[in-house]
Amino acid sequence: QVQLVESGGGLVQAGGSLRLSCAASGRSLSNYAMGWFRQAPGMEREFLAAISRRGNTTRYAESVKGRFTISRDNAKNSVHLQMNSLKPEDTAVYYCAATVKNTIVADPRMYNYWGQGTQVSVST
């Protein structure tokens, strides 16, 4: 099993940036494709971005394309989400997740391991 811990959330003004990190322990992250999701109160969990095991393939939701960038450092067992041009509607709890599938996927049901989440709040 792999344990995931997110960090880097906080309060930022609209137009600002945050960089989320997801640190893994227990197993090497190179065994997993990784994804970032978010969930706002009363809303379903929303796919944001995913990255393949080696980091050579990425996929983004239309809502964040061009603003968010997913990356990974398998040597440091970590995954990151750089978020720029943040908007108030980006306010949510952000989660990283790992899937044993050898492809990038957007469906949260395909992910096997989840972090506890980190809160991102964007003010006007």
Side-chain angles (χ1 to χ4, degrees):
Q1 284 195 356
V2 63
Q3 292 78 44
L4 304 173
V5 178
E6 301 94 338
S7 62
L11 175 63
V12 64
Q13 286 189 330
S17 299
L18 283 174
R19 185 174 188 254
L20 304 184
S21 295
C22 175
S25 60
R27 287 198 71 191
S28 172
L29 271 187
S30 62
N31 295 300
Y32 306 94
M34 299 296 296
W36 282 96
F37 295 79
R38 68 186 178 191
Q39 189 166 19
M43 305 293 286
E44 292 188 354
R45 194 160 293 190
E46 176 190 10
F47 167 77
L48 299 176
I51 189 166
S52 60
R53 291 184 180 185
R54 290 189 297 168
N56 55 327
T57 304
T58 57
R59 177 179 174 180
Y60 294 92
E62 286 299 321
S63 59
V64 303
K65 194 174 293 184
R67 298 190 300 126
F68 291 10
T69 302
I70 189 170
S71 62
R72 67 189 300 158
D73 186 340
N74 286 341
K76 295 184 178 180
N77 235 24
S78 61
V79 179
H80 306 281
L81 187 68
Q82 177 66 42
M83 306 187 297
N84 299 327
S85 303
L86 284 162
K87 307 174 183 179
E89 52 263 44
D90 293 319
T91 295
V93 177
Y94 283 67
Y95 299 89
C96 70
T99 176
V100 299
K101 293 190 176 295
N102 195 17
T103 183
I104 54 175
V105 292
D107 187 343
R109 296 171 298 178
M110 298 294 106
Y111 285 80
N112 305 96
Y113 304 102
W114 293 83
Q116 84 290 347
T118 185
Q119 176 71 46
V120 171
S121 300
V122 184
S123 64
T124 56

Q: Output, in order, the C-alpha distance, side-chain angles, deciding distance and verdict of side-chain contact (heavy atoms from CB on, under 4.5 Å) for Asn31 and Val100.
A: CA-CA 7 Å; Asn31 295 300; Val100 299; over 6 Å; no

Q.
Is there a side-chain contact (heavy atoms from CB on, under 4.5 Å) between Thr91 and Val120? Walk through the geometry before answering.
A. CA-CA 5 Å; Thr91 295; Val120 171; 5.9 Å; no

Q: Test side-chain hydrogen bond (donor to acceptor under 3.5 Å, both in side chains) on Ser21 and His80 and set out the steps.
A: CA-CA 4 Å; Ser21 295; His80 306 281; 2.9 Å; yes

Q: List the steps and the verdict of side-chain contact (heavy atoms from CB on, under 4.5 Å) for Ile51 and Thr57.
A: CA-CA 6 Å; Ile51 189 166; Thr57 304; over 6 Å; no

Q: Tell me, with the steps shown, if Ser30 and Arg53 meet side-chain contact (heavy atoms from CB on, under 4.5 Å).
A: CA-CA 5 Å; Ser30 62; Arg53 291 184 180 185; 5.9 Å; no

Q. Could you walk me through whether Ser63 and Glu89 pass the side-chain hydrogen bond (donor to acceptor under 3.5 Å, both in side chains) check?
A. CA-CA 10 Å; Ser63 59; Glu89 52 263 44; over 6 Å; no

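A donor-acceptor pair under 3.5 Å is formed between the side chain of Arg72 and the backbone N or O of Ser52. Although no hydrogens or angles enter the test, the distance criterion places no donor-acceptor pair under 3.5 Å between the side chain of Asn74 and the main chain of Asn77. The main-chain N or O of Leu11 is never found under 3.5 Å from a side-chain atom of Ser121 such that the two would form a donor-acceptor pair. For the pair Gln1 (side chain) and Gly26 (backbone), a donor-acceptor distance under 3.5 Å is absent. No donor-acceptor distance shorter than 3.5 angstrom exists from the side chain of Arg45 to the backbone of Gln39, with no hydrogens or angles considered. With hydrogens and angles disregarded, a donor-acceptor distance shorter than 3.5 Å links the side chain of Arg67 to the backbone of Ser85. Asp107 places no side-chain N or O within 3.5 Å of a backbone atom of Phe47 that could act as its donor or acceptor partner. No side-chain donor-acceptor contact under 3.5 Å links Asp73 to the backbone of Ser78. Remark: side-chain polar atoms of Thr118 are paired, donor with acceptor, to backbone N or O of Gly9 under 3.5 angstrom. In this structure, the side chain of Glu6 does not engage the main chain of Cys22 through any donor-acceptor pair within 3.5 Å.
Looking at every heavy atom in both residues, Gln119 comes nearest to Ala92 through NE2-O, 3.3 Å. Across Thr124 and Ala14, no two heavy atoms sit closer than the pair CA-CB, 4.5 Å.
Rounded to the nearest 0.5 Å, atoms CE (Met110) and NZ (Lys101) are 5.5 Å apart. Note: Cys96 SG to Leu20 CG = 9.0 Å, rounded to the nearest 0.5 Å. From Ile70, atom CD1 reaches atom CE of Met83 across 12.0 Å, with rounding to the nearest 0.5 Å.
The residue from Tyr94, Trp36, Tyr32, Phe37 that alone fulfils the ring-ring contact (aromatic ring centres under 6.0 Å, His included) condition with Trp114 is Phe37.
A chain of hydrophobic side-chain contacts below 4.5 Å, direct or via other Ile, Leu, Val, Met, Phe, Trp or Tyr residues, connects Val64 to Val12. Tyr113 and Leu81 fall within a single hydrophobic cluster, where Ile, Leu, Val, Met, Phe, Trp and Tyr side chains are chained together by heavy-atom contacts under 4.5 Å. Note: the hydrophobic cluster containing Ile104 does not contain Phe68 (ILVMFWY, side chain heavy atoms under 4.5 Å, direct or indirect links). By the rule that hydrophobic residues join a cluster once side-chain heavy atoms approach within less than 4.5 Å of another member, Val79 and Val5 end up as members of separate clusters.
Partners of Gln82 by side chain to side chain contact (heavy atoms under 4.5 Å, CB included), not counting sequence neighbours, listed by chain and number: Ser17, Arg19, Thr69, Asn84.
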